[in-house]
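Written below as structure tokens is the structure these notes are about.
As the structure is a computational prediction, the values presented were derived from the model and not from experiment.
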Amino acid sequence: RDITLIIPRAYFIKNTPKGIGLSPEAERHVHWLSSVMNKFPEYKVVVKVFGFGLPAKNENVKATEQMAKLIKGALVEKGVNASSIEAIGAGDAKPIFSQKAVEENRRVEISFVY
């Protein structure tokens, strides 16, 4: 019953000299995701953001938690109930690709939990 989507972090987040922000393509992905979430309100959604590599201050648990909260905020702006979303920063824990695949390990996992 539970489903997890694994999406490249760049689809949602960009790093700028001023800090993190939504990437140019984030609007499209947030719109799609919010429409799915609004169609299935019985599901809780866990947004987990993973980092990988350097600089550590941009990839650690604190930084990735800010990214997860940014995605959650964008979903709430689209009408998704905030209490149905859990935002988690995972830092550089649990890479799923090799150490050389830095960008692939920078990801967003979106889990629909029933």
Nearest 0.5 Å, what's the [atom1]-[atom2] distance between [X] and [Y]?
X	Y	atom1	atom2	value
Ile110	Leu75	CD1	CG	7.0 Å
Arg107	Ile7	CZ	CD1	12.0 Å
Leu22	Lys14	CG	NZ	8.5 Å

How close do [X] and [Y] get, heavy atom to heavy atom, and via which atoms?
X	Y	value
Glu27	Lys78	OE2-NZ, 2.6 Å
Tyr11	His29	O-CD2, 3.3 Å
Arg9	Asn15	NH2-ND2, 3.9 Å
Thr4	Ser111	OG1-OG, 2.8 Å
Val61	Thr64	O-OG1, 3.1 Å
Ser23	Ala10	OG-O, 3.1 Å

Q. Is the backbone N or O of Ile96 less than 3.5 Å from a side-chain atom of Asn105, with the two atoms forming a donor-acceptor pair by type?
A. yes
(Q) Would a single hydrophobic cluster contain both Phe112 and Tyr114, if residues Ile, Leu, Val, Met, Phe, Trp and Tyr are joined by side-chain heavy-atom contacts under 4.5 Å? (A) yes
Q: Treating Ile, Leu, Val, Met, Phe, Trp and Tyr as nodes and any side-chain heavy-atom pair under 4.5 angstrom as an edge, say whether Val80 and Leu5 lie in one connected cluster.
A: yes
Extract all donor-acceptor atom pairs below 3.5 Å that involve side chains of residues 37-54 and protein atoms in other chains or at least two apart in sequence.
from	atom 1	to	atom 2	distance (Å)
Asn38	ND2	Ser34	O	3.1
Lys44	NZ	Glu86	OE1	3.3

**Q.** With sequence neighbours excluded, residues passing side chain to side chain contact (heavy atoms under 4.5 Å, CB included) with Glu103
**A.** Arg106
Q: With sequence neighbours excluded, give me every salt bridge (Lys or Arg N to Asp or Glu O under 4.0 Å) pair touching residues 61-70.
A: Glu65-Lys69
